[in-house]
Amino acid sequence: MKIEITSMMPPPADGMSRVDGRLKVTGAAKYSAEYNIKGVTYGVMVGSTIAKGSIKAIDTKAAEHAPGVLTVITYLNSPKVPGYQTENTAAKGMLKIFYDDKIYFNGQPIALVVADTYERALYAASLVKADYNKEQHQTELKSNLNNGVLPYSSKDYVRGQEDAYKSAPVKIEQEYILPTEVHNPMELHAIIARWDADDKITVWDKTQGIKSTQKSIAQAFKLPPDNVQVTAPFVGGAFGAALRTWPHEIAAVLAAKVVKRPVKLVLSRADMFTSVGYRPYTWQKIGIGATADGKLVGITHDATGQTSAYEDFTEGVVNISQLMYASPNVNTRYKIVSLNVNTPTPMRGPGEATGAYALESALDELSYELNIDPIDLRMRNYAQTDPLSGKPYSSKFLNDAYKLGADKIGWSERSQKPGSVTKDGWLVGYGMGAGMFGAYRSSATVTARMMADGTLILQTGVTDIGPGTGTAMVSIASEMMGIPGAKIRVDLGDSSLPPSPTQGGSQITATVGSAVYDACTELKDKFKQLNNGADSADYVGLLKQHNLPQLEVTTLSKNGPEMGKYASYSWSVHFIQVFVNPATGVVKVNKAVSVADAGHIVSPKTAASQIKGGSVMGIGMALMEEVVIDHRYGRLVNNNLADYHMPVHADIPQVEALFVNKPDPNLNPMGAKGMGEIATIGVAAAVANAVYNATGKRIREMPITPDKLI
Ligand code: MOS
């Protein structure tokens with residue numbers, strides 16, 4: 001993105017407003033489908049109507065003869081994708097689009113119609129007819145739990161004694177189910193692909209990773225990476241759905257080759273449910289035991305998630321049980337089941353959010369068995385060092401977070417006896433759930449260029465999918481250089497810029513922020529040299545004095561060897577107050593408080609928004625979101641935003657976002673830790689625990705819809 005800040009107002013005490021906010025709300029920010037590319041054509045995909053088998057015959061005649069149609073691509077006429085033939089490329093494991101007649105899931109693309117307008121492509125797509133050899137499909141995890149296998153990358157984990165909880169004086173053993181959820185960012189996935197030469201291509205593409213998209217398209221089409229230009233200056237949300245290159249992106253690149261014109265392919269909302277991943281349906285079982293005074297004896301955590309029939313997807317569902325509490329005995333097992341569904345992908349918090357839902361629910365159940373306050377129970381098992389590695393934490397202030405949140409929600413009003421508090425005929429309940437996620441820092445390169453007019457330009461290839469990366473960069477540079485944010489411009493989201501990692505895994509502020517910090521430090525040094533070794537913030541004067549049009553540095557920044565000495569995590573705790581209508585089972589979230597220990601908060605306003613968004617997502621997980629499959633056909637029935645429920649404004653109270661705001665002294669120069677994932681991790685359990693506190697009913701299969709409460 002190229003952002004010029006027009007306001008000369010100093011940032012308010014609660015932090016800078018989004019530097020791209022005005023562009024976004026006025027429509028000036030361009031998303032990947034919005035570029036007017038000369039000669040562009042339009043692609044629409046046709047999906048399979050069976051869930052398993054093969055294509056017997058495919059009739060594209062009518063579509064080919066429809067007005068404006070340039071081509072209809074199927075496995076019968078598709079050019080080969082060179083990368084599909086080679087192992088160890090980014091295309092490995094990916095559904096090979098238009099490769100053969102095999103059908104792995106309902107909705108799998110079997111054809112791409114390209115026409116001169118979108119409407120004509122859409123109409124022609126409706127004329128494509130296929131006959132299939134149907135085979136018996138499996139789309140239900142619940143009835144296939146026995147088919148779980150240990151994935152290639154996963155081993156059973158045992159610390160101390162296996163199943164130690166079974167001999168504990170107080171114990172619970174329960175199963176928890178989280179159904180499939182879909183990311184559904186506001187912006188649909190979209191790509192415009194244009195071949196500039198036989199071996200050179202430009203794509204305007206929705207992606208969380210400019211460099212990873214460049215690499216996977218280059219590998220798929222056997223091109224030098226530099227011959228693939230990727231542009232994504234603005235991304236309208238992603239939550240993990242744009243972490244990898246998907247088949248529709250390959251399809252658009254293929255199609256542009258066939259029609260020798262640029263091709264724009266925008267997924268429909270229905271496509272978004274079957275083409276760009278989802279949080280997989282996951283079954284979990286937790287056994288947890290303690291002494292009568294609430295010291296954990298052991299945790300056993302089993303989980304089984306679903307994956308596709310052509311690719312293994314795994315995530316860290318059981319990790320949190322190894323890490324969160326100082327339990328001497330822990331054993332975990334994680335399995336996956338291949339079903340006739342598309343491949344899942346990380347969705348905010350990813351597996352850790354799924355795992356925390358079960359662990360933090362189980363801990364709540366244990367707190368009632370023990371008759372110990374849930375916060376008190378957690379404090380009695382507070383880990384002072386990392387239970388997995390034995391290493392000291394680089395920082396941990398979760399205890400402060402518990403206290404801040406409990407005060408804010410009014411935890412002292414909670415009763416340990418479920419169903420005992422009412423207000424105006426509603427049952428009132430309080431719940432809490434905690435979360436953690438690795439605090440990572442990887443490497444990034446930033447160019448910092450001071451112009452003769454005093455404008456500072458920051459450049460790096462990171463994308464900003466919504467958390468406010470550009471704003472955090474401006475905040476850091478403004479403080480470092482001692483210039484107002486209004487004098488700083490950021491250029492992001494372009495593969496020709498210096499390399500930056502994929503935005504994901506809660507690491508970008510720590511990584512790119514550090515690179516901004518390092519680049520500014522170096523640039524200030526350069527000015528100091530110009531000034532005979534004396535510090536001065538008169539950059540304009542110094543450039544003029546030396547007759548320089550600009551001064552710039554390009555700095556590679558990465559973490560140091562001291563990192564390995566520590567275990568680094570961000571921590572969160574979420575508090576929820578619900579009102580439950582005893583007659584109708586309706587659950588209203590009345591108060592939500594989330595507290596993060598994410599180190600020093602670099603950009604307070606966007607950080608608060610990040611936490612609030614994660615809370616909304618967790619409330620959706622607990623109360624509304626669920627993909628429903630008609631297993632007779634293996635077909636989604638609610639693949640639209642009318643039938644797939646998620647929270648809207650009326651469902652969400654004022655969410656209070658609080659920060660411990662103590663720097664991590666070991667992770668990076670700003671002392672910042674990530675917060676994208678911990679914003680969601682632990683929220684769903686907090687809601688379910690609040691519903692139990694209100695009603696005495698423990699719902700162990702999400703979402704908690706009214707029918708389950710009456
Ligand atoms: Mo994320 S699930 O790190 O995009």
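None of the values given here were measured: they were computed from a predicted structure. We count ligands from 1, going down the list as the structure has it; atoms in each ligand are counted the same way.
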Ligand-residue contact atoms, ligand 1 with F239, heavy atoms, under 4.0 Å: 2 (S), 4 (O)

Validation row: P663, M670 side chains within 4.5 angstrom (heavy atoms): no

N or O contact, Q503 vs ligand 1, cut-off under 3.5 Å: no

Option of least heavy-atom distance to atom 1 (Mo) of ligand 1 (set: R348, Q507, H183, E677): E677

Side-chain ion pair, K335 and D302, N-O less than 4.0 Å: no

Per-atom contacts, ligand 1 versus P346 - under 4.0 Å to a heavy atom: 2 (S)

Salt-bridge contact E625-R348 (side-chain N to carboxylate O under 4.0 Å): no

Cation over ring face, K396 and Y569, 6.0 Å, 45°: no

Protein contact of atom 3 (O) of ligand 1 - nearest heavy atom, named by residue and atom, plus distance: G505 N, 2.4 Å

Polar atom proximity, L243 to ligand 1 (N or O, under 3.5 Å): no

R333/D156 salt bridge by N-O under 4.0 Å criterion: yes

Distance-only side-chain donor-acceptor flag, S268 / D271, under 3.5 Å: yes

Protein heavy atom at shortest distance from atom 4 (O) of ligand 1: Q208 NE2, 2.8 Å

